[in-house]
**Q** 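Just passing along the structure, written as C-alpha cells.
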Amino acid sequence: MTEYLLVLVSTVLVNNFVLTKFLGLCPFMGVSRKLETAIGMALATTFVLTLSSVASYLANTYLLAPLGLEYLRTITFILVIAAVVQFTEMVIHKTSPLLYQVLGIFLPLITTNCAVLGVALLIVQQETGFIYAALYGFGAAAGFSMVLILFAAMRERIMVADVPVAFRGPAIALITAGLMSLAFMGFSGLVRG
Amino acid sequence: MTSPTPTSPHTLAAASITRVMLRVIIALIPGLAAYIWFFGWGITINIAFAVLVALGAEAIMLQLRKRPLLPFLTDGSAIVTAVLLAFAIPPLAPWWITFIGIIFAIVVAKQLYGGLGYNPFNPAMVGYVVLLISFPREMTSWVPTLSFSPYELSFVENAIFIFTGHLPAGLAIDALTEATPLDTLKTNLGLGNTVSEIKSQLGLDEATSRLLSVIPIFGAIGGKGWEWINGGFLLGGLWLIYKKVIGWQIPAALLGSLVSISVLFYIIDPDLYASPVFHLFSGATMLAAFFIATDPVTAATSNRGRLIYGVGIGILMYIIRTWGGYPDSVAFAVLLMNMTVPIIDHYFKSRVFGRHGD
Amino acid sequence: MLITALLLGIFAILGTGLVALTFQNTEERIEQNEREYFLRTLNALVPSSVYDNVLYEDLITVESATLLGSKKPVEIYRARKDGKPVAAILTPIAPDGYSGNIKLLIAIRYEGEIMGVRVVSHLETPGLGDGIDIAKSDWIDSFNGHSLANPDELGWRVEKDGGIFDQFTGATISPRAVVKAVYNSLKYYQQHRDKIFSLSSPSPKDEQNGAE
Amino acid sequence: MLSALLALSALAIVFGLLLGFSAIKFKVEGDPLVEKIDAQLPQTQCGQCSYPGCRPYAEAIAKGEADINQCPPGGETTIIALADLLERDPKPLNPENGEIKPKTVAIIDEPRCIGCTLCIQACPVDAILGAAKQMHTVIARECTGCDLCVEPCPVDCIDMVPITQDILTWKWPYPDTSLEKAS
Amino acid sequence: MAQNEYSAIAQQGLWKNNPALVQILGLCPLLAVTSTVINGLALGLATMLTLVLSNVTVSLIRNFVSPEIRIPVFVLVIASIVTVIELAMHAYFHELYLILGIFIPLIVTNCAIIARAEAFASKNPVFPAFLDGLMMGLGFAAVLVVLGSMREVLGQGTLFANAHLLLGDIALGFEITVIEDYRGFLLAVLPPGAFIGLGILIALKNVIDSRLEKRRQPAPLISTEAKATAA
Amino acid sequence: MRQTVNRIRRLWKFRGGVHPPQQKNISTSAPISPAQLPERLVLPLHQHIGEPAEPIVNIGDKVLKGQMIARPQGYVSAPIHAPTSGTVIDIGNYPVPHPSSLSATCMVIHSDGDDRWIEHHAVEDYFRLPPSELRNLIREAGIVGLGGAGFPSYIKFNPGQQKAIQTLILNGVECEPYITCDDLLMRERPQDILSGLLIIQHALQAHECLVAIEDNKPEAFVALRQATEDYDNIEVVQVPTLYPQGSEKQLVKVLTGKEVPADGLALNIGVVCANVGTAAAVHNAIHRGEPLISRNVTITGSAIGSPRNLNVLLGTPMRELIEQCDGNLDRIERLIMGGPMMGFALHRPDLPVIKTTNCILAATAEDLPPQRPELPCIRCGACADTCPVNLLPQQLYWYSKHQNLDKVQEFNLFDCIECGCCSYVCPSNIPLVQYFRFAKGDIWTQEREKEKSDIARRRHEFHQFRVARDKEERQAKRNRKKAALKADTAAAERDKKKAEIQAAIERTQTRRQDAMKDAEMRRSSYQGRTRDHSTAGNAGQQPENSSDTEQK
Ligand SMILES: Cc1cc2nc3c(=O)[nH]c(=O)nc-3n(C[C@H](O)[C@H](O)[C@H](O)COP(=O)(O)O)c2cc1C
Ligand SMILES: Cc1cc2nc3c(=O)[nH]c(=O)nc-3n(C[C@H](O)[C@H](O)[C@H](O)COP(=O)(O)O)c2cc1C
Ligand SMILES: Cc1cc2nc3c(=O)[nH]c(=O)nc-3n(C[C@H](O)[C@H](O)[C@H](O)COP(=O)(O)O)c2cc1C
Ligand SMILES: Cc1cc2nc3c(=O)[nH]c(=O)nc-3n(C[C@H](O)[C@H](O)[C@H](O)CO)c2cc1C
Ligand code: SF4
Ligand code: SF4
Ligand code: SF4
Ligand code: SF4
Ligand code: FES
C-alpha cells in the first residue's frame, strides 16, 4: 500500500513530469494561457495518459516481449497512443457531448505530447507490474494536470502584469516555469530511492 | 482653480507603502537583536550589503524599464526583501552569496515581472532557494551560538572574512561552522536515532555526541538561540497584527496547522517526530509566519484564501522538514504555495454583502 | 474505410520493415557496445591485463542485508587469470546516504586490498554530497590500496569521526555512508572469500544489470 | 523480422479500421468557431477587412486564411477579443486595412438629396429610408457608420459625422496613472 | 521556386519562425539535454536528421494519404525514422545514447517535427520540404547548442566537455575550461536553470528583433499599456 | 445624550467602513438661511435618475413660481417646476454639474424678482386619500430622493404587489464629512420631517418607522426624539458614527440585521428607506402644495468665509452661493459637489444647483491631502478590509485596470456602491473607485455596442436575404411574363413596396416620439424578419447584385 502511495507522491511531486523530468512541455506552454482551457487539457490528458500507459504496458508485456521485438517499442507505443486518443474521442463523443465539446479540441494535441510516450517508455524501463504501471501513468498525468492548472492561473495573472516588453509572452512564462521548478525542488528527497 | 482630479474620494487616509514597509522593518528589530546576541554582528554586515545591492539592482532595472526611480526606490520594499534574505543567509557567507541571492530576488523574481506588486513569487525566498540549491555548502554551514563558538570573530574580522575570505591566522572555516539544529536533528533521525537520544546526546555516534557536548545546539524548547530569535520575531509579528499591517489569518493558519500536524505525529511517536514546540521555535518558523508568508504581494487575497494559504504553508513546512531533503523548509513551502495563489484567489472569493450561496 | 486501414497497414509494414532491417544490421554491434561499456567501467577498477576470463559472465549473486546494504541479491563479478582468482567486484548498496541509496562497485584484490571503488548511482545533494562521484572529485580513489586491517577498525571512519578518510566541507553524511559500505563489503569479502570464488555462475542472463 | 512485420501491420490495420470507421462516423459538422468569431466582430459590414462583410471575414479567420488584425472598425478591442478567443497574441491593426477612426453616422443633407436610391443599394443594413425621387433619410440608430453610402452618392449629399458624446453615453475615463507626472 | 523563396524558408527556420524560440515547440528535449553543449549538439543533429527525413518522406507521400489517417501515417513515418536513428546511435555512439536516454525515442513526439510535416511538408514538393526540414532542424539545433553552452559555462565553467562521445577520440582534448577553479553555479545545470535560460534566450531574441524593427521603421506595437490607455 | 435612549434597540454591524475626519462643525454654527433670489436660473432637464423631463413651455413664456415647466417622460422620471416667477429665455445646452463637464439641455429662466407663486393648495386629510393618489401628488411635486441618488420618490413609495412594508427607515445618518444639511434640517424642522414621515408611512402602509441618526448629531437626535415622542411605532435610533452608514443597504443591515439581496432592492425585504430631506419635501408637497423647487445646501470648505447651510432655489448658480457665504473663488483648489468621499469635482463654479446638490465643498489645499503618485497595488488587503460590501477591491482593480470585463463581473463589480472607502485607505494611492467606474462604463458601452452589432447583423442578414429574394422574384416575374405575357403586376407590387416603406417611415416617426416603446417594437419586428429569413433557407448567401433596387 505504502509503495503505491509512494509511486503517486513520487510522480506527482518529486519527479513531476513537467518540472523535473521535462516531459509534456509543449502543451504545458501552449495550452496554459487560459485557466478554462488548461483545465480541459488537464482532464483530457489525465484520461489518455492513464489509459495509454496501461495499454502500452499490455502491448509490451504480451506482444513485444514474448516476440522479442522490444526494439519496436516506439512505433508500437505511438500507434497505441494514437488509437487510444481516437478511442477516447469516440467514447466521449458518444457518451457525453458536453464533455466532448470541452475536451474535443485537445485530444489531437495529446498524440504529440511527449509525456504520453515518455510515460510508456519509462514504465517499460522500470520493469514493474500492472498496477504499478497504471498508478505511474495516473500519477504522471495528475502531476502534469496539477502544474498545468497552477501555471495557467499564474499566467493569467502575469499576462496583465507590467512585464518588460522583451519578456512578455513565452519568455516570462518560461521563467515562471523555472521558478515553479525551483519550488518543486523542495520535494526532492521526499521519496528515498 | 486647477483642473480637478476627476474622482472621489477626494480625501485620503495617511497610508503609504513606505510606511507599511517601515513598520515591517521596525517589527524585525526584536528578532534582529536576539540574532545579534546569539550569532554576532556578522548579520549587520550582510544586511547592509544586501540592502545596498538591492537598491542598486532595483535602480538599474527601473532605469532599463524606463520607470521613475524615486517613488519605487523610496517605497522600501526592496529593503524589506534584502533584510529578509540577509536573515536567511548564514552570517559567515561570503559576499558573493548575498550578491547573487539579491540579484535573483530583485531582478528575476521581482523586476522581470514588473516590479513591486506584480511578482507572483516571494523575491526573498526565490533568492534564498537559488542560493540553497546552487551553493549548498555555503548555505548549510551555520555558525554556532556565540557563547559556544571556539572563536569569536570581531566585527572587522567578520567583515574581512565576508569580503575577502580571509580568517585570522590559524582559524579554519570548518572550525567555525556547524549544522543548524533542524539539520542535525534531521540527519541523526535519518541515521536511526530517536529525538530524545539526539537531544540528550545519548546513543549518537561519538563524533556527533562529542561535538554536541561541546556545543549544545538544542535549547530548552527549540534550537539554542533560535528559540529567542523566534520569540523576537513573534513579538514583532504580533505588533504588526496590532498595527494592522498584516492580518491575523496567515500567521494563525500557518502556526495552527504546523502545531496540529506536529502534535498528531508527536503523539504517534515522540521518538521519531520532534515536538510541536520544537517546530515552532526552531529555524525560520516565526519569521515565516509573520514576515514571509504574509508578504501581501505574493499571498492569497481574500481572507478565506489567506487561511488556506497559511494552512498550506504550515503543512508543507512540516512535510518537507520531516520527510523531505531540506531541514528547514520555509522557502520551499512559501514558493510552492505562491504557485497556488492565483487558483486560491480564483476559487475563494469573499462572500459579498447581500449574496448567499457562493 | 478499408482503404484507410490498408494504407495505414502498408505504411506500418514499410516502417516496420525499415526498422527491422536496421535492427538486424545493428543488433550485434549494440550488444557488443553494451558489453564493452560495462567492461570499461569494470576495467577502470580491475585492469584488463590482470585477468583473462570473460568478466561480465563470471558472476554470482549473494545476499546480505547487514553487510551489503540490500535485502535483494547483489552481484559479484570475479576476475581470474589462468583460472586462478585475481579479484572480485562487489556491487553493494550504501543505504544511509543523505537522500537514499548509494549504489557502489567495489573491486577487491584476491588478497583483500581494495583495487578501486565507484559510485554507480546516488541521489546526494549536488555540490555537497556528490563529491563521492568520480565525475565530481577523486575522493573515491582514496580507498585504493586499503584493506580491512589497514587502517584498523577505528580508522575506517571519516576524519571528523576520528578516521582517516576525508569528508567534504558541510557534508559528512555521504562520505560516511560510503566509508561504512566499503568497510562492510571488505568484511563480507573476508568472511566469504572462498565461497565467492568457488560458486559457479548461474545462467548469464542478468549480465548487464549492473550497468544501468 | 517476419514476426515484426506481422505484429505491427496487424496492429496498424486494426487501428486503421478504427480510424477509418470513426472518421466516417464522427464527421465534424459545421464550425461553431465561426459563430464565436463573428460574435466578436463589430458588424459594421464595411468590408475594410477585404472580405464582403463581417461573417465572411469570420469564416476566413476560422479557416486560417485571414489574420485577426484586419478590422479597423473593431479596433483594438476586437483584436484583443479575437486573440483571446483564438489564444493568440494580439498584434497591431494591419495598416493595409485602414486605420482606427472615431465612430460616425451618416447624415443626408436632405435638401440636396435627389432621391437616386443609390445609397439605399449600398447600405448593408438597410439603414436608409426613401423611395425613388424622394428625399432619403438615415435612421441614425441603425447606421453602422460603414461609409459605403458616401461613395455612390452622385451629389455628395451624405456626410459622415462623428457620434457626439452626451451625459448619457459618457463614461468615466481611464485613470491617468502617469507616475512621472505626479512624482 | 525562386531563389529568394529559398532564402525565405531559410530565414523562417533559422530565425523568424524558429521552432524553439518562436513556435515554442520541441521544448522537452531542448530543456532536458542541454546541460552540456555536446549533448545539445548530439540531440540537435538527431532531430535535424529526423526532420529532414520526415519532411522529405511526408512530402513524397503527401498525395496518397487521406486526411483521416494523415496524422497516424505521419507519426508512423516519424516513429520509423526515429527508431532507425535510435538504433544507429545505440550502435555507434553508445555513451551518448546512454546520456540522452529516453529523449531519443521521444523525438517522435517532438511537436516541432509533426508540426513541420503538417504545416509545410504535406503541402510542398520535395525540395522545399527538404530545405524546410534542414533549416528548421538547424534552427532548432542552434538553440540547443546555444542553450547548452550557456548552461555548461555557467554551470561547470567548461565548454565541449565529453566532446569525444560525439566526435570520436580526436575530440578528447576539445574540452575548454572557460573559468578556472570555478565553483559551479548549480542552478544552471538543474531543471530551473533550463527554463530560465530558455526564457532569457527568447527575451534576447525579442530585444534583437525590436532593435532590427526599430532600424527599419518604428511601428506601434500593442502592449498592455497601449491597451489600457486606448480607452 | 445616551440617557435619552430609553428603549435600547439592538443594532447590527456591517463590516468595513472608515472614519474620515468629520469637519461637520465648520458649517453647523449658523442656522439655515434662505439664499438670495438669483437673476437667472438654469434648470437642467435631467436632475434625477431615469429619463430626462420634457419641456412643456416655450422660449418667451412667462412662468410662475411652482409652475410645472417640464413633464416627466416615461415611468422613471420626474417633472421640473419653475423655482421662481419669470420668463423662459432659453432652452438649450448649458454646462451642468456632472463629472463629465459636459453640457446638457437646460431651461433658463430670467427671474422677474416678484417670486410670485402659482395657485397651489394643501391637501387636507391626506390620510383619507388612497396611497396611489398620494403617490401621484408626490410625483406631480417633482420629488426625488434628496439623499444623493435622486431616484423619483413616488416609485419607491409604491410597494407594488410586494408583501407589506415592514419598516420605513428615515435616513438622517449623513455620514459624509463636511455635509450638514440634513443635520440642520433635523434640528430646525423636526415637525416637518415627522409629518412627511407620516405621509410616507401612510403611502406605504408601513408597520414601523425608524429614524436613524449618527451619534455625532446629538442635537438633531434630541429634536427628532422630542418630535416623535407621541408615536409608538416611530423610533429615533442613534447609530455609531461610521462611514458609509448612510448607504441604504448598510443602514438596513445596521437597523434590522437583514441584508438586502445584492441584485434586489430594500423593498424585497420589506424595507423602504428615504432621506429626511425627502420627508420634509413630501410634507411641503402635501401640506402646503409646494413642489420641489428648493433644497438645503451646505456651503462649506476652507475657501468659504462663513460656511453654513442655505435654502437654495434649484437652478441658482453656485458661484452666487459661494459669494453669499464670503467664499474666495481664487482660493478654491477643488470645487466639489457633495462630500469629499462621494462627491465629484466640478470644472467651473457657475453651475446650477440641482435636486441632488446637497453640498458645495469649496476645498483648499488644507482640506485635500497632498497629491501622491499612484503606485502599484501591493495586495495588502486594506481595501478589502474596509469595503462595506465585502468585495475584493484589489482584484476588481487588477481586472478593471486591464479591462478584463468578464473577470470584474465575476468579482461582482456591480455590487460596488462607489463609497470610496477602499481608495481612502489604499497605501498605494490608487484611485480605485475611478477604475471601477471606468470598468462599469466600459461594460455598459460594450453591452450597448453588442446590442447594436446584433441588430446590425440581423439587419445585414435580412438585407442579403432581401436582395436575393428580390432577385429571385424578378427572375420569376420575368419568366412568368415571358410565358404568359400577362398583365403587368408590377403596379400592385410597387404599391406593396410603397406601403412597406411608408410603414418604415412611420415607424421611425413613432420612434422619435416614444423611445422606450420603440426599442421593443424594433426588436420584435426584427425577430419577425429573422424568422422569415430562416424559413426562406439560406438565400442570404447569394452574392449581392448591385443592379437590384426596390424601386424597380
Ligand atoms: C539541503 C541540504 C542538503 C544536504 N545534502 C547533503 C548531502 O548530500 N550529503 C551530505 O553528506 N550532507 C548533506 N547535507 C548536510 C547534512 O545535513 C549535515 O549537515 C552534514 O552532513 C553534517 O556535516 P558536518 O558535520 O560536516 O557539518 C545537506 C544539508 C542540507 C541542508
Ligand atoms: C436604476 C434604479 C432602479 C430602481 N428601481 C426601484 C424600484 O423599482 N422600486 C423602488 O422602490 N426603488 C427603486 N430604486 C431605488 C433604490 O431602492 C434606492 O432607494 C435608490 O437607488 C437610492 O439609493 P442610494 O442608496 O444609492 O441613494 C431604484 C434605484 C435605481 C438606481
Ligand atoms: C456610500 C453612500 C453613502 C450614503 N450616505 C447617505 C447619507 O448619509 N444620508 C442619506 O440620506 N443618504 C445617503 N445615501 C443614500 C442612501 O443610500 C439612500 O439612497 C437614501 O437614503 C434614500 O433616500 P432618498 O431616496 O430619499 O434619497 C448614501 C448612499 C451611499 C451609496
Ligand atoms: C508584511 C510584509 C511582508 C513582506 N515579506 C516579504 C518577503 O517575505 N519577501 C520579500 O521579498 N519581500 C517581502 N515584503 C516586501 C514586498 O512586499 C515584496 O518585496 C514584494 O513582493 C515586492 O513586489 C514584505 C512586505 C510586507 C508589508
Ligand atoms: S472590417 Fe470589420 S466591420 Fe468591416 S466588414 Fe470587416 S469585419 Fe465587418
Ligand atoms: S447609412 Fe451609410 S454609413 Fe450608415 S450603415 Fe448605411 S451605408 Fe453605412
Ligand atoms: S489597499 Fe490599495 S494597495 Fe492595498 S490591496 Fe487594496 S488596492 Fe492594493
Ligand atoms: S468603493 Fe466599492 S469596492 Fe470600494 S469600498 Fe466602496 S463598495 Fe467596496
Ligand atoms: S517536445 Fe513537445 S511536448 Fe515534449
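Here is how names work: the chains are called A, B, and so on, in the same order as the sequence lines, proteins then strands, and each is numbered from 1. We use all heavy atoms of the structure for the numbers below, so side chains are in, but hydrogens, waters and symmetry mates are not.
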**Q** Provide the closest heavy-atom pair for Asn390(F) versus Ser350(B) in the form atom of the first, atom of the second, distance.
**A** O-OG, 3.0 Å
**Q** Let's test your reading of the structure: which of Gly420(F), Pro261(F), Pro340(F) forms the most heavy-atom pairs below 4.5 Å with chain B?
**A** Pro340(F)
**Q** Do any pairs count as a salt bridge (Lys or Arg N to Asp or Glu O under 4.0 Å) and have a residue in residues 376-400 of chain F, sequence neighbours left out, and if so which ones?
**A** Asp345(B)-Arg379(F)
**Q** State which residues pass ring-ring contact (aromatic ring centres under 6.0 Å, His included) with Tyr399(F); sequence neighbours excluded, sorted by chain then number.
**A** Phe411(F)
**Q** Identify which one of Glu418(F), Gln434(F), Arg437(F) satisfies the side-chain hydrogen bond (donor to acceptor under 3.5 Å, both in side chains) criterion when paired with Ser8(B).
**A** Arg437(F)
**Q** Of the backbone (N, CA, C, O) and the side chain (C-beta and beyond), which part of Met342(F) lies under 4.5 Å from a heavy atom of chain B, both, or neither?
**A** backbone
**Q** With a 4.5 Å heavy-atom cut-off (strictly below), which parts of residues 233-241 of chain B touch chain F? List them by number.
**A** none
**Q** Using 0.5 Å steps for rounding, measure from the CZ atom of Phe353(B) to the CZ atom of Arg15(F).
**A** 11.0 Å
**Q** For Lys258(F), is it the side chain, the backbone, both or neither that has a heavy atom under 4.5 Å from a heavy atom of chain B?
**A** neither
**Q** For the atom pair OG1 (Thr11(B)) and CG (Leu361(F)), what is the distance rounded to the nearest 0.5 Å?
**A** 10.0 Å
**Q** Out of curiosity, Arg351(B) CZ to Asn412(F) CG, how far, rounded to the nearest 0.5 Å?
**A** 11.0 Å
**Q** Which of residues 112-122 of chain B have a heavy atom under 4.5 Å from any heavy atom of chain F?
**A** Leu116(B), Gly117(B), Tyr118(B)
**Q** Given that the side chain runs from C-beta out, which part of Pro388(F) has a heavy atom under 4.5 Å from chain B: side chain, backbone, both or neither?
**A** backbone
**Q** For the CD atom of Glu410(F) and the NE2 atom of His346(B), what is their distance to the nearest 0.5 Å?
**A** 5.0 Å
**Q** Roughly how far, to the nearest 0.5 Å, is the OG atom of Ser302(B) from the CG atom of Leu392(F)?
**A** 6.0 Å
**Q** Among Gly381(F), Ala382(F), Gly343(F), Pro177(F), single out the residue with the greatest number of heavy-atom pairs under 4.5 Å to chain B.
**A** Gly343(F)
**Q** Identify which of Val18(F), Val260(F), Val425(F) forms the greatest number of heavy-atom pairs closer than 4.5 Å to chain B.
**A** Val260(F)
**Q** Taking every non-hydrogen pair under 4.5 Å, which of Ser101(F), Pro369(F), Gly264(F) racks up the most with chain B?
**A** Pro369(F)
**Q** I want to check something: taking the side chain as every heavy atom from C-beta on, are Ile378(F) and Ser77(B) in contact at a cut-off of under 4.5 Å?
**A** no
**Q** So which of Thr298(B), Val297(B), Asp75(B), Asp295(B) has the biggest tally of heavy-atom pairs under 4.5 Å with chain F?
**A** Val297(B)
**Q** Using 0.5 Å steps for rounding, measure from the CG atom of Leu368(F) to the CG atom of Leu12(B).
**A** 9.5 Å
**Q** At a 4.5 Å cut-off on heavy atoms, which part of Arg19(B) comes close to chain F: side chain, backbone, both, or neither?
**A** neither
**Q** Return yes when atom OH of Tyr242(B) has more than 12 non-hydrogen atoms of other residues, nucleotides or ligands closer than 6.0 Å, and no otherwise.
**A** no
**Q** Below 4.5 Å, heavy-atom pairs only: which of Asp415(F), Val433(F), Leu391(F) has the largest tally toward chain B?
**A** Asp415(F)
**Q** Indicate yes or no for a side-chain donor-acceptor contact from His10(B) to the backbone of Ile336(F) under 3.5 Å, with no hydrogens or angles considered.
**A** no
